[in-house]
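Just follow the structure's listing: the first ligand is 1, and inside any ligand the first atom is 1. Numbers here are sequence positions counted from 1. Values in this document were obtained by computation on a predicted structure and should not be read as measured data.
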Amino acid sequence: MRKKIVAGNWKMNNDEIESQRLINSIIEKKLDNNCEVYVSPSFPFLKDAIKLCDKTNIKVLAQNVSHEIEGAFTGDVSCKMLDSLEVKSVIIGHSERRTIFKEDNNMLLNKLKLCFKNNFQVFFCIGEDIDARKSEEQFFVIEDQLNKTVFQLENIDPNKLIIAYEPVWAIGTGLSATPNQAQEMHKFIREKFKNKFSESISEKLSIIYGGSVKPSSAKEIFAQNDVDGGLIGGASLKSNDFADIVNSI
Ligand code: PEP
């Protein structure tokens with residue numbers, strides 16, 4: 001059985017008190033025990049989050065990590081720093097990092113290597129933009145992103161890697177992929193992992209969908225064979241919506 005996962009990507013939202021309130025409010029909800037649930041406050045509030053989530057089933061996820069070990073990288077946060085807060089899960093390759101902060105495949109590959117070396121769990125985001133989707137090049141784009149990053153690694157541990165398929169045109173737009181579009185792409189990604197690594201790895205790999213998932217759309221998307229959960233942006237900022245999405249798994 002593959003792990004079912006729902007992770008909130010809070011992005012640059014919530015100050016200290018708001019972050020604490022949201023976590024406490026999520027803790028109070030009755031959440032499906034079969035689902036791994038993650039919250040991702042911004043760096044300054046990770047330590048609070050770890051404390052609040054202690055002895056609960058909710059895990060804490062960082063939104064980013066540096067591609068370097070340490071040194072003259074103003075503003076960056078390293079694996080060692082996250083480790084010292086007991087944060088061991090991180091998002092890499094979010095489309096906002098790729099486009100706004102110009103993180104390229106080389107940098108993402110460095111991040112992957114460092115994270116796995118330091119025993120982190122990685123949520124690795126891939127996704128095509130609207131032009132690629134319109135010109136029906138989405139499979140080519142996804143394969144290319146994988147070839148230049150994860151598939152450069154000799155091996156992967158499916159317990160340490162989660163693929164988040166996030167079509168860029170669906171992120172924050174209110175325009176989710178249809179369940180069929182999600183299933184079709186997740187199946188394609190799983191097949192690529194099978195060809196690159198092994199069937200056993202591909203069958204254990206959790207592939208989650210992200211892009212305008214709402215309580216009203218989550219159930220049908222999560223019901224698809226190759227969809228193992230979701231990475232949730234906007235809807236993760238409201239505890240009721242987030243809980244409803246978790247319980248749609
Ligand atoms: C995201 O940013 O990862 C995301 C999926 O955002 P939203 O759910 O708001 O589309």
Is it possible for you to check whether Arg190 lies under 6.0 Å from the centre of the six-membered ring of Phe193, through NZ or CZ, and within 45° of that ring's axis? no
Near Gly211, which atoms of ligand 1 are under 4.0 Å from a heavy atom of that residue? 5 (C), 10 (O)
Side chains of Asn240 and Lys29: any donor to acceptor distance under 3.5 Å? yes
Which of the numbered atoms in ligand 1 are below 4.0 angstrom from a heavy atom of Asn9? 1 (C), 2 (O), 3 (O)
When Leu205 is tested against each of Leu161, Asn159, Asp157 for side chain to side chain contact (heavy atoms under 4.5 Å, CB included), which residue passes? Leu161
What protein heavy atom sits nearest atom 4 (C) of ligand 1, and how far away is it? Gly233 N, 3.6 Å
When you measure from the heavy atoms of Ala235 to every atom of ligand 1, does any distance fall below 4.0 Å? no
Does one side chain, of Asp76 or Ser66, offer a donor that lies under 3.5 Å from an acceptor on the other? yes
Using 4.0 Å as the upper bound for N to carboxylate O, is an ion pair formed by Lys219 and Asp244? no
Distance-only polar pair, side chains of Lys80 and Ser84, donor-acceptor under 3.5 Å: no
Show which atoms of ligand 1 fall inside a sub-4.0 Å distance from at least one heavy-atom site of Leu231. 3 (O), 5 (C)
Indicate, as side chain, backbone, both or neither, the part of Ile171 found under 4.0 angstrom from ligand 1 when only non-hydrogen atoms are considered. both
Who's the nearest protein heavy-atom neighbour of atom 9 (O) of ligand 1, and how far? Gly234 N, 2.8 Å
What about His94: any of its N or O atoms under 3.5 Å from an N or O on ligand 1? yes
Distance under 4.0 Å to a non-hydrogen atom of Gly172: what atoms of ligand 1 satisfy this? 7 (P), 9 (O), 10 (O)
Which ligand 1 atoms does Ala170 reach within 4.0 Å, using its non-hydrogen atoms? 10 (O)
Ser239-Ser25 side chain donor-acceptor pair, cut-off 3.5 Å: yes
Shortest protein heavy-atom distance from atom 2 (O) of ligand 1, along with the residue and atom involved: Lys11 NZ, 2.6 Å
Note: ligand 1 atoms sitting under 4.0 Å from heavy atoms of Ser212 are 7 (P), 8 (O), 10 (O)
Which heavy atom of the protein is the closest neighbour of atom 5 (C) of ligand 1, given with residue, atom name and distance? Glu166 OE2, 3.1 Å
Tell me if a side-chain donor or acceptor on Asn247 pairs with a main-chain N or O of Lys30 at a distance below 3.5 Å. yes
With distance as the sole criterion, is a donor-acceptor pair present between the side chains of Gln181 and Tyr165 under 3.5 Å? no
